[in-house]
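Below, read A as the first sequence line, B as the second, and so on, with proteins coming before strands; counting in each chain starts at 1. Owing to the predicted nature of the structure, the values given are computational and were not obtained by experimental measurement.
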2 protein chains.
Amino acid sequence: MTVTSVHDPSHREALWELEDAFDRGDLISIFGRCTIVYEGRAATDLGTGDRLLVLKPDGAALVHTDEGHRPVNWQPPGSEHRAAVREGRLRVRSTRNNPDETLTVRFSDVHRLTAMAVTGGRDLTLHGSEEDLRTRILEQPELVEPGFEPTATERPSSAGPMDVFGVDADGNPVVVELKRRRVGPDAVGQLARYVRALREELGAEERDRTVRGVLVAPSITDRAAERLSDRGFDHVALEPTAEE
Amino acid sequence: MTVTSVHDPSHREALWELEDAFDRGDLISIFGRCTIVYEGRAATDLGTGDRLLVLKPDGAALVHTDEGHRPVNWQPPGSEHRAAVREGRLRVRSTRNNPDETLTVRFSDVHRLTAMAVTGGRDLTLHGSEEDLRTRILEQPELVEPGFEPTATERPSSAGPMDVFGVDADGNPVVVELKRRRVGPDAVGQLARYVRALREELGAEERDRTVRGVLVAPSITDRAAERLSDRGFDHVALEPTAEE
DNA sequence: CTATCGATTTCGCAC
DNA sequence: GTGCGAAGTCGATAG
């Protein structure tokens, strides 16, 4: 069978199972009572409690409590898991370099250890991303405004690549910044950087007011709208995918 | 015992165990072969594969493969889990409103279902955050520069609250933006917004060049340094916690 | 509720 | 490796 599981093992039994599972490259879950110490980019301490520890063969480690989407402690992929029994207790330690980080889980009780061989089945297809929004605009440029013609995507500039670049009906250059969801002031700043870079690039013959900025997003906060208006930019309300 | 676990249950047995675990408010882990459909802010499809499904009593749902720190699919806390057997197969569905989102996991095989009652033990203490950096500066303002005197934290402005506000040795107002790690151009934009808001606020008598901007961060990218210098702002290299 | 911003953000891609 | 920006970001706090 591809799944092994032990109930209330001794700390030594748990260690053996764990090392076997490491060797097999299994996905591992451990229910147990433990304390946790993390030291790296930041540092945390977590006292005794019942938790779920997940160990992945790619080096990822996750500690979950009964609450929350995100693990209370973790270690990213690329870390190295090691297990040992110290003072009669199972200790699992996951370390990585650059930055140097260590996650240490000390068990007082191991309730259930389960391991399963898992490969493949990771090919997720996602719809509704910013890239979908870009595709939609390239296929129907008039959604931005009548007469708009995209000429490039990811056009380079000194401020970084612009999402979409093109010309309007009057031949003015247009910088388009895309956001898949409602935006705040930061997105306006981003657009402004690109517009400014392009204005400097185009130089004297095509002066400031010819380069336009357009923010394409489903909606926009008041403060962002204000900053957008200050800069003389436009907002076009558009979602990544058409409503059905 | 606080942990229940079943091995290779029938789909109906799995359903019973799952419903019992829901009733008890357990933290649940299911190893099994399944397909996954998500529909909400975006939409995803994931074909058949072996995965770990974690269901929490607060409504969070996580689907993990053998790779990565983040779940391949998930549902945030506050969702509602429901289980059923459809066409002889266990189906777990987690839904929430605002936004409307649904995660559906259809099992072809349930290898191992484990559930544990978990409460408490969630009081994490963390060190090395931006707040620690602020505390450090308030205790030793000379780390920013000789003669600097902080007068407020989270000082409100039309652009939002400033991390630290104060005056320099010459009596000039200083806006300080804190970052716990290396920063890019976005942080300069954030600082610039605060400085601009303060300049407008102070009005005519204390004109532009009197309001200073200081970015406190361990380090800074070249592009960010350039933008900082364009604006006439300063960078102070400082970490959230003192080196030991 | 919405808006804003931090985060051990993670993740992916380009240079 | 670093830099940059997206993400179904999440999460916490203030209004």
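Here the closest heavy-atom approach between residue Asp26(B) and residue Ala115(B) is recorded as OD2-CB, 3.4 Å. Nearest heavy-atom pair, Val174(A) versus Val167(A), reported as atom, atom and distance to 0.1 Å: CG2-C, 4.1 Å. Here the closest heavy-atom approach between residue Asp45(B) and residue Val37(B) is recorded as OD1-CG2, 3.6 Å.
Residue Asp163(A) has its side chain nearest to dA6(D) when only dC10(D), dA6(D), dG8(D) are considered. Listed nucleotides dC4(D), dA7(C), dA7(D) differ in distance to Arg223(B); the shortest reach to its side chain belongs to dC4(D). Among dG3(D), dG5(D), dT8(C), the nucleotide with an atom closest to any side-chain atom of Thr221(B) is dG3(D).
Residue Ala43(A) is the one, among Pro77(A) and Ala43(A), whose nearest nucleotide of DNA chain C lies closer to the 5' end (criterion: closest heavy atom). Residue whose closest nucleotide on DNA chain D sits further toward the 5' end, between Ala159(A) and Asn98(A): Asn98(A). Of the two residues contacting DNA chain D, namely Asn73(B) and Tyr194(A), the nearest-nucleotide position lying further toward the 5' end is that of Tyr194(A). Nearer to the 5' terminus of DNA chain C, by closest-nucleotide assignment, is the contact made by Tyr38(A) (compared with the other of Tyr38(A) and His69(B)).
Rounded to the nearest Å, the gap between the P atom of dA7(C) and that of dA7(D) is 22 Å. Taking atom C1' in both dC10(D) and dA6(D), one finds a spacing of 14 Å when rounded to whole Å. Nucleotides dT9(C) and dC5(C) are separated by 12 Å at their C1' atoms, to the nearest Å. If you take atom P in dC4(D) and the same atom in dG8(D), they sit 23 Å apart, rounded to whole Å.
Annotation: cation-pi pair Arg155(A)/Phe165(A) present, NZ/CZ under 6.0 Å from the ring centroid and within 45° of its normal.
If you measure from atom CD of Glu101(A) to atom C1' of dT10(C), you get 12 Å, rounded to the nearest angstrom. A straight line from CG of Leu191(A) to C1' of dG5(D) spans 14 Å, rounded to a whole angstrom. Across the protein-nucleic acid pair, His127(B) atom NE2 and dG6(C) atom P stand 21 Å apart, rounded to whole Å. Atom CG of Leu126(B) and atom C1' of dG11(D) are 13 Å apart (whole Å). If you measure from atom CZ of Arg70(A) to atom P of dT9(D), you get 13 Å, rounded to the nearest angstrom. Straight-line distance from the CG atom of Leu124(A) to the P atom of dG8(D): 9 Å, rounded to whole Å. The interatomic distance linking Glu130(B) (CD) with dT9(C) (P) rounds to 11 Å, in whole Å. Atom C1' of nucleotide dT8(C) and atom CD of Glu39(A) are separated by 11 Å, given to the nearest angstrom.
The residue Arg193(B) sits close only to the backbone: its heavy atoms come under 4.0 Å of sugar-phosphate atoms, none of a base. Within 4.0 Å (heavy atoms only), Ser129(A) reaches sugar-phosphate atoms of the nucleic acid but no base atom.
Remark: Trp74(B) is not in phosphate contact with dT9(D), judged by side-chain N or O atoms under 4.0 Å from OP1 or OP2. Residue Arg41(A) places none of its side-chain N or O atoms closer than 4.0 Å to OP1 or OP2 of dG6(C).
Of the residues in residues 177-190 of chain B, those placing a heavy atom less than 4.0 Å from an atom of DNA chain C are Glu177(B), Lys179(B), Arg180(B), Arg181(B), Gln190(B), in numerical order.
Using a 3.5 Å distance cut-off with no hydrogens or angles, the side chains of Thr153(B) and Asp163(B) do not pair a donor with an acceptor. If you check the side chains of Thr44(B) and Asn73(B), you find a donor sitting under 3.5 Å from an acceptor.
Judged by atom type and distance alone, Gln75(B) reaches the base of dG8(D) through a side-chain donor-acceptor pair under 3.5 Å.
The shortest distance between side-chain heavy atoms of Arg134(A) and Arg136(A) does not fall below 4.5 Å.
In this structure, the side chain of Lys56(B) engages the main chain of Glu67(A) through a donor-acceptor pair within 3.5 Å.
The CD atom of Glu101(A) sits 7.5 Å away from atom OG of Ser79(A), with the distance rounded to the nearest 0.5 Å.
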